[in-house]
Amino acid sequence: MARAFAKVILFGEHAVVHGRTAVAAALDRGAAAEARRTSGRSRLELKAWGKVVQDDDRDDDVSRAFAAVLHEVGGEGAVDVSVDVQVPGGAGLGCSAAIAVSLARAVAEARGVDLDDERAAACANAWERVFHGNPSGIDAAVAAGCGAGGAARGGVIAFKRGEPVRPIVPGGVMELCVGYTGEPSSTKAMVEAVARQLARRPEVVERTFDGIDALAAKSIAAIEAGRWYEVGQLMDLNHALLASLMVSTEALERACHLARGAGALGAKLTGGGGGGCAVALAPGKVDEVLAAWKAAGIDGFVTRLGAPPGGVR
Ligand code: MEV
């Protein structure tokens with residue numbers, strides 16, 4: 001079984017597409033794939049989506065993305081792959097990249113190709129390009145556990161396009177709640193919307209990206225030192241800048257507001273926005289945040305970064 005992890009972006013989404021730094025963490029859930037050699041055409045089953053494709057349907061995005069991964073992995077031979085996911089798609093949690101990394105690893109295993117974490121991420125980016133047009137690569141890097149030796153659970157990284165991934169070690173257990181607004185969103189559409197704003201008002205939008213970059217840079221030292229109050233404030237500021245890029249929604253504003261009201265130190269949208277998920281930093285208050293969300297119909301879960309595997313839960 002080949003595995004990969006979903007992710008939560010703590011700082012820097014959208015700005016990271018345009019060369020700024022982002023900070024992200026792997027969740028303890030993601031995707032798992034199994035592949036076996038077969039004769040005839042390669043075939044992919046995405047169980048959660050009830051979708052089965054071959055690698056030769058030019059009119060189908062999943063088929064084209066599958067073909068791109070098969071090509072990028074290299075080696076030879078048709079494969080029959082099935083992939084299962086444990087996170088919702090279109091929620092900003094890196095479901096697509098997790099599928100792609102687990103798929104690439106399973107294909108490599110079946111073909112006897114050696115694939116390190118960086119190559120697995122590169123293969124996943126070939127998949128991501130079909131769906132997202134211009135992915136920064138952060139989702140694939142986290143999904144593959146780059147900078148964390150493949151042991152992605154709870155791994156936190158700083159990511160900048162074209163630079164090596166930098167692992168971040170939190171100075172204590174970082175207690176986060178992730179809440180799904182129930183509004184599915186398209187990362188591609190949101191990335192394109194931000195690119196249109198950049199083309200229209202480059203001086204304003206570049207400065208917004210620079211602001212987000214400064215917050216991400218500051219957050220690294222604060223996370224490493226376990227200064228959660230500061231991290232929370234930086235998250236609120238990052239959310240405000242994302243909202244100024246028009247990628248927040250009423251439901252995301254509400255999720256962040258409820259989390260802060262329930263005792264979170266900070267909250268922001270995570271991922272592409274336009275729906276999807278909010279993330280809240282809530283040391284000692286995770287139950288209160290989840291309860292406030294639940295009362296408002298928002299499904300949430302807790303993730304603890306920097307906790308030893310099988311440790312605090
Ligand atoms: C999506 O998870 C994060 C974005 O920054 C897009 C990307 O980095 O490719 C919105």
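Counting convention: from 1, in listed order, for ligands and their atoms alike.
- On a distance-only criterion, Asn134 and ligand 1 share no N/O pair closer than 3.5 Å.
- Heavy-atom distances between Gly92 and ligand 1 stay at or above 4.0 Å for every pair.
- If you check which protein heavy atom lies closest to atom 9 (O) of ligand 1, you get Ser136 N, 2.8 Å.
- The number of heavy atoms from other shown groups lying within 6.0 Å of CE (Met1) is above 12.
- In the vicinity of Lys7, heavy-atom distances shorter than 4.0 Å reach the ligand 1 atoms 2 (O).
- Atom numbering of ligand 1 starts at 1 in the shown order; those under 4.0 Å from a heavy atom of Glu13 are 5 (O).
- Close approach to Val16 involves these atoms of ligand 1, each under 4.0 Å from a residue heavy atom: 5 (O), 8 (O).
- Near Gly272, meaning under 4.0 Å from one of its heavy atoms, ligand 1 places the atoms 10 (C).
- In this structure, Met190 does not count as a contact residue of ligand 1, since none of its heavy atoms falls inside 4.0 Å of the ligand.
- The shortest N or O to N or O distance between Asp139 and ligand 1 is under 3.5 Å.
- Proximity to Ile138 (heavy-atom distance under 4.0 Å) selects the following atoms of ligand 1: 8 (O).
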Open item on the list: Show, in sequence, the C-alpha distance, side-chain angles and deciding distance for Glu206 and His18, and conclude whether the side chain to side chain donor-acceptor pair (under 3.5 Å) test is met.
Closed with: CA-CA 9 Å; Glu206 287 289 358; His18 303 275; over 6 Å; no

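- Looking only at protein heavy atoms, the nearest one to atom 3 (C) of ligand 1 is Ile9 CD1, 3.6 Å.
- Of the protein's heavy atoms, His14 N, 4.0 Å lies nearest to atom 4 (C) of ligand 1.
- Summary of contacts: the protein heavy atom closest to atom 6 (C) of ligand 1 is Val17 CG2, 3.7 Å.
- Counting non-hydrogen atoms of neighbouring residues, nucleotides and ligands closer than 6.0 angstrom, the CZ atom of Arg254 reaches no more than 12 such neighbours.
- Not a single donor-acceptor pair under 3.5 Å links the side chain of Arg41 to the backbone N or O of Val79.
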